[in-house]
Number of protein chains: 2
Amino acid sequence: MTTDRPLRVLLADDEHLIRGALAALLALEEDLVVVAEAASGPEALAMARAHRPDVAVLDLQMPGADGVKVATALRAELPDCRTMIVTSHGRPGHLKRALAAGVRGFVPKTVSARRLAEIIRTVHAGNRYVDPELAADAISAGDSPLTAREAEVLELAADGAPVAEIAERASLSQGTVRNYLSSAASKIGAENRHTAVRLARERGWV
Amino acid sequence: MTTDRPLRVLLADDEHLIRGALAALLALEEDLVVVAEAASGPEALAMARAHRPDVAVLDLQMPGADGVKVATALRAELPDCRTMIVTSHGRPGHLKRALAAGVRGFVPKTVSARRLAEIIRTVHAGNRYVDPELAADAISAGDSPLTAREAEVLELAADGAPVAEIAERASLSQGTVRNYLSSAASKIGAENRHTAVRLARERGWV
DNA sequence: GGCCTGCCATGACGTTTGTCATGAGCAGTG
DNA sequence: CACTGCTCATGACAAACGTCATGGCAGGCC
C-alpha cells in the first residue's frame, strides 16, 4: 500500500453544510485529497470533467440530476473514475438503479467519516461496497413483478393524474391504461392504483 | 462580546457522517463547544437532561421523535435551553410546527458551517432566525383554507384508502366523506383527492 | 413450426368517485 | 335576534375507475 500519490476525490452534495463538513473531515486523511466540490448534478459533471478525480462521491438527491444520473454520465465520459453514492434515505430501488449504473459504492449517511474514508479506498481499489443493511432491504424487497409498461404507466399515475391524461402521455388507449394499472395493482397486492403507487415506491419498483 | 464562558451546544442528527463532521467544524469556532451528540429523538432528550446545553441543534427527521417533538419536550423540561432545527427538506408546514413549538432557529442544510455558527450565536442571544427562503415559502403557501374536518378526512385519504374505509375510521357517512373530500379538493384547486393530498402535504396543511 | 409471454386494444359491466342540491342542528358574531 | 360558517346527512346523476373476456401481433424458446 504505497501512499506516493494521493487519492483524488470529487464531493457532490447540495447541502453546503454537509459538503463542507465532509471535505474537512476527509482532509484529515493523509492519502485523500478533495479536488473538487459540487452542489448540483450538472455542476458535479462539469467538475469531474475539469478535475478528473479518482473517485466521485455523489449524494443521491441533488438538484438538476440525481446521483445515479451523474454516475451514468461519468461512466460514459470518464470510465476511470469510480463512483459511489451517499444517501440519507436508502430505498431498495435506488440501490438497484445505482448498481445498474455502474456505481461501486452505496452507503447511508449514518456511517462515520473514518468509515467513509475506508470505503472510498475500497472503491478506488476496484472493489465494491454496499451497506449490509441496505443490501438486506433490497433483497427482502425482491425483484419487481411489474412488466416495463406496467411500471411506466404506474409511474405516470404517481401524481394522481386521471386515466385520460396517463393514456395521452403514454400514447396508449384509456382501456389499455386501465388494464395495466389493474394488473399492476393486483400484482402488488393493492386495492387501487394509488396505494399501488405508494407501495411500489416504498419497494423501489418505480 | 466577552468569550469568558463557551457556548454549550447539543447536536442531534441521526446521520453519523453529518453529525461528526458538523461537530468537527463547530469545534473550530472559539466560542462554541459541542457538549453532547445524539442520533435519535429520545437520545437527544436524555443528553439534554444530562448536559444542559445552551443551544440544542436538532435535525428535523430523526428516529424515535422528530426535531419538533424534541423541541416541545425541551421547552417544558429545560426552558433555558434554546432550540433550533436544521433540515434538508424545508416544507412550509414544518416551519410552522417548529415555530409553534418555540423553536428559535430554522435553517436548511444548504448553509455553510460558519453561517450556522453565527446563527447558533444569534439564537443563543435570544433572537430568532428563520431562513429567508423557507420563510418566503411558508408565507406564499399561506394558511390552510381547510376546515378541521376537511383536513382530518383528507389525512385519512392520504394512503389511498377508499371512501368506505375513511368513513368508518372517521365515523362519518360515506356521503359526508365525499362531500368533504370534494370541497377540500376544490379549495386546494386539485382535480381529485389524491392530488389534493399531495398538494396539501407540500404546503404543510396536513 | 408450435407455444408461451408480453404488448396493445376494444367493448361491456358494475362499482366507486365527484358533484350538486338540499336540509337540519349548532356554534360564534355583529 | 339574525346571520354566517361549520358539521353532518341524504339522494341523485354523470363521470371515472376496476375488472373481465376477447383478440391480434410481436418476439423468444423447445
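These numbers come from the heavy atoms of this one structure, side chains and all, not from hydrogens, waters or symmetry mates. Keep in mind the model is a prediction, meaning the values are calculated, not measured.
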**OP:** For A:D54 and A:R8, indicate whether the former's side chain and the latter's backbone hold a donor-acceptor pair under 3.5 Å.
**Re:** yes
**OP:** Answer with base, sugar-phosphate or nothing: what part of the nucleic acid does B:A164 contact at a heavy-atom distance below 4.0 Å?
**Re:** nothing
Subject >> A:Q174 CD - C:dC8 C1' separation (whole Å) >> reply: 15 Å
Subject >> Lys/Arg-Asp/Glu bridge criterion (N-O < 4.0 Å) met for A:E118, A:R115 >> reply: yes
Original post:
C:dC7 C1' sits how many Å from A:E152 CD, rounded?
Top reply: 11 Å
Original post:
Of the residues in residues 176-194 of chain A, which ones touch DNA chain C at a heavy-atom distance under 4.0 Å?
Top reply: A:T176, A:R178, A:N179, A:Y180
**OP:** Could you check which of D:dA9, D:dT7, C:dG6 has an atom nearest any side-chain atom of B:T147?
**Re:** D:dT7
Subject >> Residues B:D59 and B:K109 bridged, charged N to O under 4.0 Å >> reply: yes
Original post:
Between atom CD in A:E165 and atom P in D:dA15, what is the gap in whole Å?
Top reply: 19 Å
**OP:** Nearest whole angstrom, please: distance from the P of C:dA9 to the CD of A:E168.
**Re:** 14 Å
Original post:
Which nucleotide in the list D:dA9, C:dC7, D:dT7 gets nearest to the side chain of B:R149?
Top reply: D:dT7
**OP:** Please answer whether the main-chain N or O of A:G126 pairs with a side-chain N or O of A:R104 as donor and acceptor at a distance below 3.5 Å.
**Re:** yes
Subject >> B:R52 bridged to B:D80 by N-O distance under 4.0 Å >> reply: no
Subject >> Short N-O contact, B:E15 and B:R19, less than 4.0 angstrom >> reply: no
**OP:** Return the value, rounded to whole Å, for the distance between atom CG of B:L172 and atom P of D:dC6.
**Re:** 16 Å
